[in-house]
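First listed ligand is number 1; within each ligand, the first listed atom is number 1.
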Amino acid sequence: MAKSPRKDRTILTHAGNDPEAHGGVVNPPIYRASTVLYPTVREMHERGRQKFDTVYYGRYGTPTTFALESAVAELEEADRAVILPSGLGAVAGALLACLKAGDHLLMVDSVYEPTRTFCNQQLAKFGVSTTYYDPMIGAGIADLIQDNTRVVFVESPGSHTFEVQDIPAIAKAARAKGCLVLLDNTWATPLYFKPFRHGVDLSIHAATKYIVGHSDVMMGIITMKDAHYKQVKTSVHGMGYAASPDDCYLALRGLRTLAVRLAQHQQTALTLANWLKQRPEVERVLHPAMPDHPGHAIWKRDFTGSSGLFGMVLKPFAEERVAAMLDGMRLFGMGFSWGGYESLMIPSHLSHARSVKAWSEAGPTLRLHAGLEDTDDLIADLDAGFARLRGN
Ligand SMILES: *Cc1c(COP(=O)(O)O)cnc(C)c1O
């Protein structure tokens, strides 16, 4: 794909659309396909030779898949994207594309927990070893790189605990030793962190979150420069992964409003974070855009915005009181995933989620997603929650 000078919001609005090819209809149609017919044996063989770049068989993607792939790739300043049926699928697909038996992986200790489980259960089974590292390691990652280390995996900010990694320093050290740098960029989305400006080789998104944005589709996306495309596509499709064209359509529809939704999520999250910071029940707020966050300087240097997901550590309260707070919330739903239009709050269970440095806060940690509701209503819901937390 030619490098485009279009700015992000223009890309979001127009990328992947081709009205002239579809009778003037603005959106790309949903092509549902398994079978693709060829008029001649010769054409069948010709298309087979370029099956990654043409409509060849449903599993390789349809024009609906390609519309979404090209839009996300352009937005993230990548050359190519590969769509998978879930975010965890994209994490697994990216790792399996880059690793083989005998290889070693460096994985950040604050990673999304199912990624940790994938490394410990699946990668281990196939002879790939994993060493976890402190998210604050920076250029010190060089000391952990072994002769057989092939991949350094980063996720910033950290899942549930929101440590900000020095990705440029880590990437520089990793690349100097011939390692690939894989990033889970779900929190920032392709809008607020541009991975290929910071030394990343493969960027991974749980599109389930902000790209889809409406809590109704599971999807994963890997983006990359041309140099890695064949390797990733060969591996992902060799394992049989394919995303539904209907889901690709919904993800592309979600993408159109990503910038306006994210701006609102950002603003509401910051308002809530500042309000929570003043509360006597709160020990500290975990939000990289707050000036007193330990990762704030690096966040400010590398990111262009913050999303709606952040955390807070409460003062020590009994488990039943925390449950009373959460059980009674009216607007903040309790559930996994995030990035939809609605607010969420869940307790963070971190006792088995860290192996390098234990999470040693005295009080309980909660994770919040600021949705698109009215901010005053959300604050009133939290205020009533704190009354239940205190037991009155
Ligand atoms: C949710 C999430 C995933 C997994 O995405 P699914 O679509 O739920 O499989 C991966 N990484 C991060 C950071 C996530 O929050």
Side-chain angles (χ1 to χ4, degrees), residues 68 72 76 81-96 105 107-123 132 135 151 153-165 167 182-193 195 200 202-223 236 239 241-244 247-248 250-251 254-255 262 265 269 286 288 295 303 306-311 333-340 342 344-350 353-354 365-371:
L68 175 64
V72 176
E76 202 156 45
V82 174
I83 310 286
L84 296 98
S86 76
L88 184 60
V91 169
L95 285 169
L96 289 169
L105 161 68
M107 175 58 71
V108 63
D109 199 36
S110 50
V111 75
Y112 177 64
E113 202 176 356
T115 299
R116 175 184 291 270
T117 307
F118 173 77
C119 297
N120 295 349
Q121 291 183 352
Q122 307 305 320
L123 288 182
Y132 293 90
V151 170
F153 194 104
V154 294
E155 180 185 326
S156 181
S159 231
H160 287 271
T161 46
F162 298 93
E163 298 91 339
V164 181
Q165 294 195 257
I167 294 176
L182 273 54
L183 163 69
D184 186 327
N185 199 23
T186 302
W187 182 86
T189 83
L191 280 183
Y192 290 167
F193 184 81
V200 169
L202 301 187
S203 173
I204 299 156
H205 293 277
T208 308
K209 312 288 167 56
Y210 284 120
I211 290 176
V212 165
H214 294 73
S215 309
D216 52 3
V217 172
M218 305 295 303
M219 184 165 288
I221 302 180
I222 307 170
T223 71
V236 163
M239 290 184 286
Y241 278 132
S244 131
D247 288 348
C248 291
L250 287 172
L255 193 70
L262 217 49
H265 287 296
L286 310 170
F303 290 70
S306 58
S307 59
L309 192 76
F310 66 101
M334 201 174 354
F336 300 114
S337 205
W338 45 275
E342 82 288 15
L344 298 169
M345 182 158 58
I346 55 168
S348 300
H349 295 297
L350 295 161
R354 301 289 179 267
T365 304
L366 303 180
R367 191 186 71 182
L368 294 88
H369 180 250

His265 and His369 aromatic ring geometry - parallel, tilted or perpendicular at 30°/60° bounds: tilted

Verdict with supporting geometry, Leu182 and Met107, side-chain contact (heavy atoms from CB on, under 4.5 Å): CA-CA 10 Å; Leu182 273 54; Met107 175 58 71; over 6 Å; no

Heavy-atom check, side chain of Leu368 versus side chain of Phe310, under 4.5 Å: yes

Nearest-contact summary for atom 3 (C) of ligand 1 - protein heavy atom, Å: Tyr112 CE2, 3.2 Å

Ligand-residue contact atoms, ligand 1 with Trp338, heavy atoms, under 4.0 Å: 15 (O)

Trp187 heavy atom under 4.0 Å from ligand 1: no

Sidechain-backbone polar pair: Asp247 side chain, Pro85 backbone, donor-acceptor under 3.5 Å: no

Short side-chain to backbone donor-acceptor contact, Thr189 and Leu191, under 3.5 Å: yes

Protein contact of atom 11 (N) of ligand 1 - nearest heavy atom, named by residue and atom, plus distance: Asp184 OD2, 2.6 Å

Closest protein heavy atom to atom 2 (C) of ligand 1, given as residue, atom name and distance to 0.1 Å: Lys209 NZ, 2.4 Å

Element-labelled atoms of ligand 1 that are located less than 4.0 Å from some non-hydrogen atom of Leu88: 4 (C), 5 (O), 6 (P), 9 (O)

Check: Pro190 and Ile211 side chains under 4.5 Å, non-hydrogen atoms: yes

Ligand-residue contact atoms, ligand 1 with Glu155, heavy atoms, under 4.0 Å: 13 (C)

Atom 6 (P) of ligand 1 [closest protein heavy-atom partner, distance rounded to 0.1 Å]: Gly87 N, 3.3 Å

Glu155 side chain vs Tyr112 backbone, donor-acceptor pair below 3.5 Å: yes

Identity and distance of the protein heavy atom lying nearest atom 7 (O) of ligand 1: Thr208 OG1, 2.5 Å

Atom 8 (O) of ligand 1: nearest protein contact (heavy atom, Å): Met218 CE, 3.5 Å

